[in-house]
Amino acid sequence: MVIAHADVDAFFVSVERRDTPRYRDRPFVVAAEVVACASYEARELGVHAGMPLARVLHRWPEVVVAPPRDERYSRAGEELFALFRRYTPLLQPGSMEEAFLDVTGRDGGDPVALAAGLRRTARRELGLPVSVGLARSKLWAKLAGRRAKPDGLVVIDAEREAELRPALRLEGLWGVGPRTVPRLHEAGLFTVADLAGHDETSLAAIVPTAMVRTLLAIARGTDDATVRIPGPRRSVSAQRTISPPTRTRSTVLGVLGTVVGLAVDRLGHDPRRPSRLEVTVRFDDGTIRTGRAPLPGAVADPAGIERVARRLLEGTGWEDDGRGVTLAGVVLFLAAAREVPGQLALPFAPGLPDG
DNA sequence: TCTGGGGTCCTAGGACCC
DNA sequence: TCTGGGGTCCTAGGACCC
């Protein structure tokens, strides 16, 4: 099994620099009010994504700024994936600008040459720097890719993987997140080697069962090497934070209406009807409550969806105590592809639910 | 390190059916 | 009538990723 992780370095920055030479070779960020993407030169200064632009310019006036151009990035992403598909159809997107590629058997016995060719082609045809990590599994390809940045290629073969594995820090693992890391640390576990004395039972006392499996697989070297080709999207969503926290009914209902509208807009020209609705509220103590319900076949318009959303909102009991509301959001779940209207065998058969 | 927004997947528990 | 087991579906919540 040979997995490649391919990823454009500083994606937004690289697209802007391709189009505009004066953005090159200097600290540069793509930012609206906060930094969306910082060049490696800017990162050296201490700039990072999420930083308010005003603070950046106050401290480092030499930083050059360009506003984000989302359509440009989407198109660059599409071109990138078209390029990936020339190497293998077995690819699992991680985001607009990165993917895992299963290149097993497609590398002519030389995955390094394949990866180098991919990088060269991306540079020549798209003008973008793509870093590639090559390894046995997705985790290790991702780790190799991290080491490859910027603009490099790193291979971690089985031998090297076995050397590196014990010292791997748990907080650096792909798939081990911010909820799990503190629990592991509290239990005295910091590296993969620390997992050696543990099994399903002992780890289950520390983290949830799915995470137990993830951790043991990493420790045993049987972690996931399956590249999953995504089907059609399963959901669209929208959420908005509310600041300051509110207990005003009209405010909460107003935000709910807004996010329903945004989510419906996101459906775009998708021919599928949303089959379920989820409503989420977050309180000022960080607690989240959700409600979910089917959307009857008759409900397809924003007003109808909003009625169901209001009912689910009431069901969260948000008015029952003194807490303020800090976020409202909705998710529209889409029917599986086989339920797309027009693909039903008997669309007008009597007695069938109309959904 | 944090915030914010858009996604995916998994699990526990209960209901229901056979 | 009672018991048990298995499968499936639904809901609420949790965790992760970029």
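Here the structure is a predicted model, which is why all the values come from computation and not from measurement. Lettering follows sequence order; numbering is per chain, from 1.
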Sugar-phosphate only, base, or nothing, as touched by A:G175 at under 4.0 Å among non-hydrogen atoms: sugar-phosphate
SB check A:R119 A:D151 (cutoff 4.0 Å): yes
Sugar-phosphate, base or nothing in reach of A:M51, heavy atoms under 4.0 Å: nothing
Over 12 foreign heavy atoms within 6.0 Å of CZ, A:R22: no
A:R43 to A:Y40, cation-pi by 6.0 Å centre distance and 45° axis angle: yes
Pair A:S131, A:D9: side-chain N/O donor-acceptor within cut-off below 3.5 Å: yes
side-chain contact (heavy atoms from CB on, under 4.5 Å) involving A:E78 - partner list, sequence neighbours excluded: none
Sugar-phosphate only, base, or nothing, as touched by A:R228 at under 4.0 Å among non-hydrogen atoms: nothing
Within 6.0 angstrom of A:R123 CZ, more than 12 heavy atoms from elsewhere: yes
Sugar-phosphate only, base, or nothing, as touched by A:G329 at under 4.0 Å among non-hydrogen atoms: nothing
What are the atom names and distances for every N/O pair under 3.5 Å that joins the protein to nucleotides 14-17 of chain B?
none

Sugar-phosphate, base or nothing in reach of A:K138, heavy atoms under 4.0 Å: nothing
Touch class at under 4.0 angstrom, heavy-atom based, for A:P178 against every strand present: sugar-phosphate
Of residues 239-258 of chain A, the positions that come close to DNA chain B - non-hydrogen atoms, cut-off under 4.0 Å: A:Q239, A:R240, A:T241
Side-chain N,O (A:S237) to OP1/OP2 (B:dG6) below 4.0 Å: no
Test: A:K142 and A:D7 ion pair at under 4.0 Å: no
Flag if over 12 foreign heavy atoms under 6.0 Å of CZ, A:R233: yes
Residues, nucleotides or ligands: over 12 heavy atoms within 6.0 Å of A:E159 CD: no
Charged N-O contact under 4.0 Å between A:R26 and A:E62: no
Touch class at under 4.0 angstrom, heavy-atom based, for A:V176 against every strand present: sugar-phosphate
Touch class at under 4.0 angstrom, heavy-atom based, for A:E98 against every strand present: sugar-phosphate
Touch class at under 4.0 angstrom, heavy-atom based, for A:V34 against every strand present: nothing
Sugar-phosphate only, base, or nothing, as touched by A:L173 at under 4.0 Å among non-hydrogen atoms: sugar-phosphate
Atom CZ of A:R179: over 12 foreign heavy atoms under 6.0 Å: no
Option among A:F100, A:W174, A:F84 that satisfies the ring pair (Phe, Tyr, Trp, His ring centres under 6.0 Å) test with A:H5: A:F100
Phosphate OP1/OP2 of C:dG13: any A:T290 side-chain N/O under 4.0 Å: yes
Structure string for DNA chain B in dot-bracket form, Watson-Crick and G-U at under 3.5 Å, | interchain: ....||||||||||||||
Nucleotide N/O to protein N/O under 3.5 Å, stretch nucleotides 8-10 of chain C:
none

Joint cluster assignment, A:L134 & A:V227, ILVMFWY side-chain distance < 4.5 Å: no
Phosphate OP1/OP2 of B:dG5 contacted by A:R266 side-chain N/O (<4.0 Å): no
Within residues 194-210 of chain A or reaching into it, pairs that qualify as salt bridge (Lys or Arg N to Asp or Glu O under 4.0 Å) - sequence neighbours excluded: A:E200-A:R220
